Amino acid sequence: MEDRFSIVSVEEDLIRANENVAEEISSLLAEKGIRSFDIVGAIGAGKTSLLERIIERLKEKYRIAVITGDVTTRIDADRISRHGVKTLQINTGRECALTAFFLKEALGKIGLNDVDVLFVENVGNLICPADYVLGCDKRIVVVSLTEGPYVVKKHPLLFKISDIAVINKIDLRNIIEVNPEEMLKDALEINPNLKVVLTSAKTGEGLDDLISTMEL
């Protein structure tokens with residue numbers, strides 16, 4: 001029992017330390033006048049595809065930077081960089097989510113003086129990111145119809161602490177017989193203040209609504 005309490009104490013200390021660094025990041029980005037978004041979601045939910053579509057719509061209006069998190073690869077960073085915006089890859093090794101410590105180091109490398117909007121694409125996961133705030137203005141959680149009708153109900157914590165929820169791949173609603181409206185209802189039952197948007201990164205449906213919800 002004593003060892004268990006020691007582990008819990010260490011975890012709590014790490015979370016508190018992360019929150020302190022996140023506050024530093026929040027202050028830094030506010031000082032620079034940078035709007036920032038932490039995007040979380042499982043692998044395959046469509047986070048990168050949505051980001052690509054958003055960037056295409058906004059890159060002539062804003063100076064955009066993207067920081068992508070992954071365990072080992074830079075596949076997402078390569079996809080984003082093709083759109084002509086600043087891109088930096090963070091590889092976390094065994095860590096299943098980005099922390100404020102990772103982000104603070106990355107911000108020191110990316111050059112913030114010519115950035116208006118910062119997107120942080122978190123490691124593909126719906127569990128670990130719930131423990132670590134990053135200091136961004138808004139957190140966006142992305143799920144998709146291909147994850148099944150209960151994906152929202154099974155991850156309530158992430159929806160409670162997010163500002164915007166995206167239900168993606170709605171172009172598949174008639175193929176896989178999952179009702180996105182039911183998923184929307186589930187999300188609002190968990191967090192009535194959540195702004196929920198239905199999208200298809202493939203067809204572009206809902207993307208203008210998402211950008212409007214992000215107030216960009």
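Everything numeric here is computed off the predicted structure, so don't read it as measured data.
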query = Which atom pair, heavy atoms only, marks the closest approach of Leu198 to Glu181?
reply = CD1-OE2, 3.5 Å

request  = Determine, step by step, whether Leu51 and Ile80 satisfy the side chain to side chain contact (heavy atoms under 4.5 Å, CB included) criterion, reporting the C-alpha distance in whole Å, the side-chain angles of both residues, the deciding distance to 0.1 Å, and the verdict.
outcome  = CA-CA 8 Å; Leu51 256 178; Ile80 295 295; 3.9 Å; yes

Minimal non-hydrogen separation, Ile190 against Lys153, with atom names = CD1-CA, 4.5 Å

note = Of all heavy-atom pairs linking Ile64 and Val85, the shortest is O-CB, 3.6 Å

query = Are Leu88 and Thr68 side-chain neighbours, meaning at least one heavy-atom pair lies under 4.5 Å?
reply = no

key: Neighbour count above 12 (heavy atom, 6.0 Å) for Ile43 CD1   = no

task = Test Ile164 against Leu194 for side chain to side chain contact (heavy atoms under 4.5 Å, CB included), laying out the working first.
result = CA-CA 6 Å; Ile164 300 170; Leu194 194 64; 5.6 Å; no

task = Hey, could you give me the CD/OH distance between Glu182 and Tyr150, rounded to the nearest 0.5 Å?
result = 10.0 Å

Where Cys128 and Asn125 come nearest, the two heavy atoms and their spacing = N-OD1, 3.0 Å

task = Evaluate the side chain to side chain contact (heavy atoms under 4.5 Å, CB included) criterion for residues Ile67 and Ile110: first the C-alpha distance (whole Å), next the side-chain angles of each, then the deciding distance (0.1 Å), finally the verdict.
result = CA-CA 9 Å; Ile67 295 173; Ile110 204 163; 3.9 Å; yes

Pairs involving residues 35-64, ordered by first then second residue, that meet salt bridge (Lys or Arg N to Asp or Glu O under 4.0 Å) (sequence neighbours left out) = Arg35-Asp137, Asp38-Arg139, Glu52-Arg79, Glu56-Lys59, Arg57-Asp208, Arg63-Asp116

Indicate every side-chain donor-acceptor pair of residues 97-107 with a distance under 3.5 Å to a residue at least two apart or in another chain.
| from | atom 1 | to | atom 2 | distance (Å) |
| --- | --- | --- | --- | --- |
| Thr99 | OG1 | Phe101 | N | 3.3 |
| Thr99 | OG1 | Phe102 | N | 3.3 |
| Lys104 | NZ | Glu24 | OE1 | 2.8 |

